[in-house]
Every structure is written in structure tokens, then in C-alpha cells.
Amino acid sequence: MQTVAYLCKKMTFMNEVRVRFAPSPTGPLHIGGVRTALYNYLFARKHGGKMILRIEDTDQTRFVPGAEAYIMDSLAWCGIQFDEGIREGGVHAPYRQSERKEIYTLYCEQLIRSGHAYYAFDSTEELEHLRKSAEANKTTFIYNSQSRKNLHNSLTLSPETVEGYLASGKPYVVRFLVPEKFEVVMDDIIRGRVVVKSETLDDKVLFKSDGLPTYHLANIIDDHLMQISHVIRGEEWLPSLPLHVLLYQAFGWEAPLFAHLPLLLKPDGNGKLSKRDGDRLGFPVFPMRWEDPFSHEVSSGYRESGYYPDAFVNMLALLGWNPGTEQELFTMQELIDAFSLDRVGKAGSKFDPEKTKWFNHQYLIRKTNEEIASDFQHVLIEKGIQANSHLIIKVVGLVKERVHFVKELWDEAHFFFETPEKYDEQVIQKRWKPETPAQMQGLSTMLLNLPVFDAAAIDAAIKTWIETSGYGMGAIMNALRLLMVGTSKGPHLADIMALIGKEETILRIQKGLETLH
RNA sequence: GCUCCCAUCGUCUAGUCAGGCCCAGGACGCCAGGUUUUCAUCCUGGUAACAGGGGUUCGAAUCCCCUUGGGAGUACCA
């Protein structure tokens, strides 16, 4: 048995690292795709190489308007930049496969001439029928060295017949002639050596009857032409790696290095994470909101859900890769410095929406109060609240530890901007006693006469007042909190009172006394 | 079915390549306690895993084999 060994190229300083992210524009890019792009990007930057975006739109039937722009916008939001691509241009342009038809035709003809590929005239219906009957016999139909002998192709038909068919415009495809009795040996950076017998492979279609190549052909030609050094892609491509290696062989080209990334799995149960899981489980699976142009179905995105792009990227980076240290928070530059394909795991990772929230919280509490305040300002304006930024900054400083997202700030801080309209019934039961109104009135009077109304002064005054009156600290403070906030939560009371001011503080006590008696 | 890939706490993972430092470490979540005028934060502690079975070895989470389980692919889709 012959052996085709695909050997690793030695990485040298002469060989520039060039990687590509090659999505097909059939819809929004989900987080698995973003992670693949991210790993490519980190790898490229780490090695001072180039990152290329190539759009694989060879299936015209699956074209979705807006998907291409969505992909580019999403990655830009994540901070993943390309050196060459649709928007960036580059010496290998065009970067859209549909615009490279002529190139593929040329190379495909080369393969036919060299005897590595052949014409096949079997109709879709015929093949479908063969598959069905094979299935009925509990076997699988494969277009391979066995079956190709009994099918309509340039290997079985006379040259004249083939010529006639081609001349008459009979639809045909070009298939790869898988060599017999070969052992394809592949070295994957993540998986190590993988060996496959060529008999188990089928004669994949290289060129479709619509005049466009399939993924397999276009991808090999483009990776070669664009001088891609490393192909970093999802594990779903591993089964077609033998074909790709054989294709490089057939062309006489040196293959790039391959790294097949483990898949992202559903948080519950099993299986590859899919676009449906997000809506089903209540978390986004897309970086940005997407509205399907045909069904108008809307899928939520991380951006619109209030995630910071750096938190999102940080989370994604650690899903399948780890630095080998206990560091969890990384800037993009730190990720670049730490990244290595050696530390990418082999097993699929279940996506954890809870930890994703935790990452966002970590990023949020590290932002400056000013930065958060300017985002929060927009939320306040939507609520119809006018507040000066000085106040907002202070409020943010008091409550940011309590939230995962900017939009949650309102729930934790609304009482800084509006007088409580109602009081929590449970807290009333627990904290509002018959003697409370008189105590609150006394407190109100004392506060009214307080010359300085900052947190420290309020704190000291209330403490002294409680002590001299002989009341219980808990009883007074909790009742007072009920009047200030409407319930039993929130930051330090004196901080709240100082920020809303003396007038509002007194007003809230009086209002509470009227409402609760 | 067939081909290929994978297998450590509920989840993400360290440790596996170079076997002993691991009756397995960290993080998220969860639970409890502490701090606090409340809630949250924070602090402390706890919960919880080497899928199973055979080998090899003085010694295995680590190496080998089998079983089981999971995943991917199996299109004129990518």
C-alpha cells in the first residue's frame, strides 16, 4: 500500500504567517464562527503575520442579503481586524469567491488534464435514487472507485460521447478521482496524526453544474494562491481534510498547516451549538442583533444585550483555549501575547451563559465611573430623566458593583432620580411599627436643622440622635431606608441622602408618613 | 450504518506529550458563615470530577487495549 504523507512545513522566519477566516454569507455569524475568527486573529498577531477575510459564496442558492456586511461588522465590533479582505483590499483581490470563477475553471481544467478529475453526467435524481435504494439496503451509496465504474462519467463513457455531451451543453459536474489504496496521513496541530484510507473517501464534486466550484476546490486554490500558511478552522472540516490533502497533492502544491478547532456545544444536552439554541435558552448566540431578510425573524445579539465587546471576546477566547495560568481577564493584546495553538483543547466546550455574564460584570466594574455614567445617561434619558453628569458619576460609583450590565443600573439606582411611589409590602410588615411614624417625624425635624448635609455629617447626626433617643439602630435605619428607597436594599443610606439632598430627604420622609401613617 | 474526532467537578478548565510533587488545583454556579442599618459587593469555608474494565509499571488522571458514552462528517452546502 502506498502512503501519501502530508508533512509539516517547518515554520521559519522566511515563511510569513498568513491565516484566513473564510465564512460563507448564508446568515449571521454565530459565536462559534466568531471564536474561529478570533483564534485566527490571535495567531496571526502573535506571529506578526497577516489576517485575511475571504468570503466563500460559491453557493448562490444560499445567498442571504446583508450577511456579508453583518459578518464584517460583527468582527469589527469584536476588535478583530483584517489585513486583507473585501473592505481592506489586498494584492490577492478579489476576496469574494464568486468573483474568482475564471481562476477555478482554469485550475479545474488542469486537474482534468492531469487525470486527477473527471466529468460526471449523472443527474441529481439518479444519484438521489441510488442513495435511497442503498439506504433501503442499510448501506451507503458512495461515488467512489467501485461505483464510478457503473455511472455516467468520462471514465466509463467513450471520449466521443463525452465530447458530444460537453458540446451539446449537457449538464455535468467535475469530480475528484480519489486514488485507490492510498493511506492519507495528516498531521493536525491540535489533533496530531490522523490516518485515513482512501477507499473510504468519495469522489467529491469539485465543480458544480452551475459553473461554480464547490467549497473544497475553491478553498484549496485560494489558500494556495493567497499563500495561506495555517488553516485554522472548525472541527466539522476534519472529515474533509483527507480530500483537501489529496487535492494539494494532485496540484503538486505544498499544503498549509492545519489546526481543527473543537466545537462549541449546546449548554444543555448535547450537540453543536446552533442558532436556535439562543432563543430557546434565553441568551444570544450572535455577536449582534440579526433580522432575517426573508422571515423577518429577529435574533438577539451580545452587543444589543449590553455586553462589552472586550468581555465577549475574553469569554470566547477562554472557551477551548487556556493560558495555563490562573489569569482569566485578558485585554486583546494580552490574549495575543499568551495565545498558542498548543493550548487549545481537543474536546468540545459547552457554552456557559452564566460565566459570560460574570465576565461582563468584571469588565464593568473595572471601567471608570465616568465611562459607565455616559452610557447610563442614555438609559436615563430614555426614562425621561434629566440629571447632571456629576450626580450620575457618583451614583454609578455607588452601585456599579451590583450589576452585570449598564442597563441594570436603573433597577439599582432609580431612587436616586425619583421619589419612591410605593413601598415594599413585606418590608412594611417587618419594619413599620406603630411607634415608627413618631420616630420618623423626630428624625425629619433633626435632619431639617442639620447645617451640613454631607454623608459624614448625616451619619454622625443620625447615630447621635438614635443614641440620645434610646432607639434601636436597626429599627430606625430600616424604616428610614423604606422611605428613601421604597424597599430594603441599596447602598449606604447616608450616601443616598447626601446625594438626593436635604430637601428631597425631608420630602420623602413626609411623603412616607402620609402614605403609611 | 460507515468514516473520523473526543472523554477530569453541573459548566469552563489545570494536570496528560517528558508516569510519582494530585486521596486532583483554579474559575463560574450553588450552599453556609462572617462583615454591613438593608440588599449587593467583599471575605472565609463548603459542595462536586479522573466514564467503566483490563493491562504495562515498584507506582497511572497521566502509557497501551477493549467497552461505553458524546460529537462531527457522510449534498452539484459551506
Side-chain angles (χ1 to χ4, degrees), chain A residues 22-26 56-59 61-62 120 122-124 127-128 131 134-135 137-142 171-175 188 190-192 194-197 199-202 204-210 212-216 218-219 234-242 260 262-263 265 267-272 315 318-328 342-343 345-359 361 365 399-403 412 427 430-431 459 462-463 466 472-482 485 487-494:
Chain A
S24 75
T26 53
E56 311 227 321
D57 55 348
T58 50
D59 184 0
T61 63
R62 292 212 306 164
D122 318 277
S123 70
T124 313
L127 295 174
E128 190 57 31
R131 270 186 206 102
E135 205 175 312
N137 294 326
K138 294 197 170 183
T139 58
T140 309
F141 167 75
I142 317 179
Y172 68 90
V173 299
V174 176
R175 284 182 182 272
D188 184 274
I190 293 169
R191 280 153 224 282
V194 180
V195 182
V196 172
K197 291 184 169 56
E199 306 61 89
T200 64
L201 270 26
D202 60 342
K204 275 273 179 303
V205 170
L206 261 23
F207 222 85
K208 300 176 284 180
S209 55
D210 65 0
L212 282 165
T214 58
Y215 166 84
H216 303 293
N219 143 37
E235 194 187 347
E236 68 268 27
W237 293 109
L238 199 53
S240 43
L241 180 58
H260 287 89
L263 266 18
L265 273 15
D268 66 329
N270 299 303
K272 190 160 84 156
M315 173 281 293
L318 261 359
L319 213 53
W321 168 84
N322 79 83
T325 65
E326 285 180 359
Q327 184 179 355
E328 293 208 90
D342 301 342
R343 298 204 63 89
K346 296 178 182 181
S349 315
K350 281 186 186 170
F351 177 70
D352 182 1
E354 283 307 312
K355 190 141 189 185
T356 308
K357 286 185 188 172
W358 176 82
F359 271 109
H361 176 246
I365 61 178
V399 300
K400 69 175 181 181
E401 295 275 359
R402 326 165 84 90
V403 300
E412 301 299 328
V427 181
K430 193 175 173 190
R431 305 292 190 187
D459 243 344
I462 293 180
K463 203 176 170 196
I466 288 174
M473 189 74 161
I476 300 301
M477 295 310 280
N478 286 301
L480 182 58
R481 176 174 294 278
L482 177 65
V485 177
T487 186
S488 64
K489 60 182 237 182
H492 193 67
L493 250 192

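Naming: A, B, ... by sequence-line order, numbering from 1 per chain.
When the C1' atom is used for both B:rG15 and B:rA61, the distance is 8 Å, rounded to whole Å. Of the P atoms belonging to B:rU16 and B:rU57, the separation is 23 Å, rounded to the nearest Å. Across the C1' atoms, B:rU67 and B:rC28 are found 33 Å apart, a figure rounded to whole Å.
Checking B:rG25, B:rC12, B:rU3 against the side-chain heavy atoms of A:Leu319 singles out B:rC12 as nearest. Comparing atom distances between the A:Asn322 side chain and each of B:rA72, B:rA14, B:rA78 picks out B:rA14 as nearest. Taking every side-chain heavy atom of A:Pro239 into account, B:rA72 is the closest of B:rU41, B:rA72, B:rC76.
Taking 3.5 Å as the limit, the base of B:rC5 and the side chain of A:Arg191 contain no donor-acceptor pair of atoms between them. With hydrogens and angles ignored, no donor-acceptor pair under 3.5 angstrom links the side chain of A:Lys346 to the base of B:rA7.
Checking A:Glu328 against A:Lys138, the closest nucleotide of RNA chain B that is more toward the 5' end is the one next to A:Lys138.
Taking 4.0 angstrom as the limit, A:Lys204 places none of its side-chain polar atoms (N or O) nearer than this to OP1 or OP2 of B:rG73.
At a threshold of 4.0 angstrom between heavy atoms, the contacts of A:Ser240 with the nucleic acid are absent. At a threshold of 4.0 angstrom between heavy atoms, the contacts of A:Asn137 with the nucleic acid are absent.
Checked for salt-bridge contact, A:Lys355 and A:Asp352 miss the test: no charged N lies under 4.0 Å from a carboxylate O.
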